[in-house]
Protein chains: 2
Amino acid sequence: MKKDIQPNLSREKIVNEAISLVNERGMPALSMRMLGARLSVEGMALYYHFPNKQALIEAMLDRVHAEISIPEADIAWQDFVRQRSASVIEVLRHHPWAATLMESGVRPGEYTMQDRERLLGVFRRAGFSVSNAVHAITIVDVFTYGFVAQLVNLSFSTKEDAAVVGQDVIAMFAPDKYPYMREMVSEHMLKRGYDVMDEFVFGLELIITGLERFEGESNNKIETH
Amino acid sequence: MKKDIQPNLSREKIVNEAISLVNERGMPALSMRMLGARLSVEGMALYYHFPNKQALIEAMLDRVHAEISIPEADIAWQDFVRQRSASVIEVLRHHPWAATLMESGVRPGEYTMQDRERLLGVFRRAGFSVSNAVHAITIVDVFTYGFVAQLVNLSFSTKEDAAVVGQDVIAMFAPDKYPYMREMVSEHMLKRGYDVMDEFVFGLELIITGLERFEGESNNKIETH
DNA sequence: ACCTGAACACCGTTCAAGT
DNA sequence: ACCTGAACACCGTTCAAGT
């Protein structure tokens, strides 16, 4: 009667449901038993598909990485960087739990490697030396992932909330001790038109401009097709 | 006979022992019972001094922050930034577990606030506008904390290890698919004299140079004593 | 005031057993 | 091949009780 000829679990289904779970209820809510329940299965069944919880999390992260849209490789490296960073931010805003984990480099999966390979190639073909290409991808990635890591962990998301939190924080710690912080909140964060993303754009453009100095210094060893 | 007139626990003692514990055995090893045992006390005793584990962790983080040595406020902002970042890296290398947590902004403690206030002041007194000062501390902090967050989570620490891991990673994923990664490892990371810290210095100097463009644009509203 | 003991509702993981 | 059930060694937290 109940002769399921097909298994009702698969790595893909498990990863999907796990991502839904943490998106809805946060990383601490991810337990094997809870996840099993949402898949109508005992938690222990998951151990048939993944050796342990860590492996499951790594699979979740690589799947998130797959969502990052990598730009065409033949556009200007400046635009490549801009588009890729925008996509990283976009994706990680929808998967806040993944931000710190991706940054702190649990070991790279397929998509992670592809992404880095492409970015590295873009710089090399733009004439960056090997060393400078490494410097470049490092600074771009540290800034981009570092920014989201801080961003998604802010307790507020709207601008109004930001102002309120700012006020609270300052009030909490004897306002007179922090005149510059107070000035920052009132003159910058409270100003209408303020957007946290402006901070990101400023930083990324500063970095891009700085990197332009090293463009075309060559020692390019790999053929640029 | 055993009439301890003094309590043998205090917030300070607890935080100290907690930090020793995680430095030795990592964040996952931190449990209230385990920590209690190391203090010759039942784990439940800790709840008299801290409302919950989260509060304990926040206290640990603020204590780590206190170790960061903040430079004299009257030196050039460039040197202030260099010295402060170097100290952040130094401290967080000794407390790797703290890197991701500090970055992901559990809410700021006393030392955290003092640190930010000082840095903000340095930029304002150097003639940065309020907006640009905020941009400046953001990019500097994102890069500095982001860098350690990635650094401390690398599974290797010596240069030799780095090379080995690099080779492994590439071998793992069909080498032919990643020619640029291969080039990076062999031409850059395997080269003698290579130091991960070079990546940091390159990035920080690029940022400092970029920021010099905004120095002295003024609208300085707070008296510079 | 400061700590203990027992209890509650959970965890991740292993492993024999079921189908 | 794929999943279940019971068991082990843990968690964080609450709360009455001890001194």
Side-chain angles (χ1 to χ4, degrees), chain A residues 1-63 97-98 100-101 104 106-107, chain B residues 1-63 97-98 100-101 104 106-107:
Chain A
M1 202 59 94
K2 261 217 172 173
K3 217 155 178 311
D4 291 334
I5 199 75
Q6 294 291 50
N8 36 22
L9 240 49
S10 70
R11 284 180 60 101
E12 210 198 339
K13 266 186 187 163
I14 295 172
V15 169
N16 283 349
E17 193 58 41
I19 291 179
S20 300
L21 173 56
V22 295
N23 280 349
E24 288 166 25
R25 321 214 344 231
M27 204 59 183
L30 178 65
S31 79
M32 301 304 260
R33 291 179 229 257
M34 187 67 220
L35 180 55
R38 288 178 51 134
L39 291 159
S40 314
V41 115
E42 298 300 312
M44 296 71 202
L46 304 173
Y47 285 89
Y48 185 81
H49 303 270
F50 292 92
N52 51 43
K53 192 180 178 180
Q54 186 57 38
L56 169 61
I57 293 175
E58 278 168 21
M60 291 165 68
L61 286 174
D62 206 41
R63 194 157 168 334
W97 53 273
T100 31
L101 291 174
S104 61
V106 287
R107 79 134 152 338
Chain B
M1 203 58 96
K2 261 220 171 168
K3 220 159 177 306
D4 290 334
I5 200 74
Q6 294 293 49
N8 37 23
L9 240 49
S10 68
R11 285 180 58 101
E12 210 199 339
K13 267 188 187 162
I14 294 172
V15 169
N16 283 348
E17 193 60 42
I19 290 179
S20 301
L21 173 56
V22 295
N23 280 348
E24 287 166 25
R25 324 214 343 233
M27 206 56 185
L30 178 65
S31 77
M32 301 304 261
R33 290 179 228 256
M34 187 67 218
L35 180 55
R38 289 178 51 135
L39 291 159
S40 314
V41 114
E42 298 300 313
M44 295 72 203
L46 304 174
Y47 285 90
Y48 185 81
H49 303 271
F50 292 93
N52 50 45
K53 193 180 178 180
Q54 186 57 39
L56 169 61
I57 293 176
E58 279 168 21
M60 292 165 68
L61 286 173
D62 206 42
R63 193 156 169 334
W97 52 273
T100 32
L101 290 175
S104 61
V106 287
R107 78 130 154 337

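Residue numbering restarts at 1 for every chain, and letters A, B, ... go by the order of the sequence lines.
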Output the single nucleotide from C:dT4, D:dT4, C:dG12 whose closest atom is nearest the side chain of B:Ala45.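 Closest nucleotide among those given: C:dT4.
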So if I take every side-chain heavy atom of B:Met44 and compare against C:dC3, C:dA7, D:dC11, which nucleotide ends up nearest?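 Nearest listed nucleotide: C:dA7.
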Partners meeting salt bridge (charged side-chain N to carboxylate O under 4.0 Å, His left out) with A:Arg38 (sequence neighbours left out):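 Scan of A:Arg38 (salt bridge (charged side-chain N to carboxylate O under 4.0 Å, His left out), adjacent residues dropped) gives A:Glu17, A:Glu24.
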Take A:Tyr48 and A:Arg33, find for each the nucleotide of DNA chain D with the closest heavy atom, and name the residue whose nucleotide sits nearer the 5' end.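 On the 5' side of the pair lies A:Tyr48.
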Phosphate contact ([N] OP1 or OP2) by [X] side-chain N/O below 4.0 Å:
X	N	result
A:Asn8	D:dC3	yes
B:His49	C:dA1	no
A:Tyr47	C:dT13	yes

Between B:Val41 and A:Asn52, just flag the one whose closest nucleotide in DNA chain C comes earlier from the 5' side.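 Per heavy-atom nearest nucleotide, the more 5' residue is B:Val41.
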I want to confirm an ordering. Mapping A:Met34 and A:Pro51 to their closest nucleotides on DNA chain C, which one lands closer to the 5' end?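 Checking each residue's closest nucleotide, the 5'-ward one belongs to A:Met34.
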Contact class for B:Leu30 (heavy atom, under 4.0 Å): base, sugar-phosphate, or nothing?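 Here B:Leu30 touches the backbone only, sparing every base.
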Mind calculating the distance between [atom1] ([X]) and [atom2] ([N]) to the nearest angstrom?
X	N	atom1	atom2	result
A:Arg11	D:dC3	CZ	P	14 Å
B:Glu42	C:dT4	CD	P	5 Å
A:Gln54	C:dT13	CD	P	9 Å
A:Leu39	D:dT4	CG	P	11 Å
A:Lys53	D:dC10	NZ	C1'	14 Å
B:Leu46	D:dG12	CG	P	10 Å

The test is side chain to side chain contact (heavy atoms under 4.5 Å, CB included); show your working for A:Met60 and A:Leu101 and say whether it passes. CA-CA 11 Å; A:Met60 291 165 68; A:Leu101 291 174; over 6 Å; no
Could you go step by step and tell me if A:Phe50 and A:Val15 meet the side chain to side chain contact (heavy atoms under 4.5 Å, CB included) rule? CA-CA 10 Å; A:Phe50 292 92; A:Val15 169; 3.8 Å; yes
Identify the heavy atoms of B:Met34 and B:Leu21 that sit nearest to each other, and give their distance.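 Looking at all heavy atoms of both residues, the closest pair is CG-CD2, 4.3 Å.
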Determine whether A:Asn16 and A:Arg63 make a side-chain contact, defined as any pair of heavy atoms from C-beta on separated by less than 4.5 Å.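 The answer is yes; the side chains approach within 4.5 Å.
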Give the intermediate values and the outcome of side chain to side chain contact (heavy atoms under 4.5 Å, CB included) for residues B:Glu42 and B:Arg33. CA-CA 7 Å; B:Glu42 298 300 313; B:Arg33 290 179 228 256; over 6 Å; no
Once Watson-Crick and G-U wobble pairs under 3.5 Å are found, how is DNA chain D written in dot-bracket notation, 5' to 3', with | for any base paired to another strand? ||.|||||...|||||.||
B:Tyr47 and B:Leu56: CA distance, side-chain angles, deciding distance, side chain to side chain contact (heavy atoms under 4.5 Å, CB included) verdict: CA-CA 10 Å; B:Tyr47 285 90; B:Leu56 169 61; over 6 Å; no
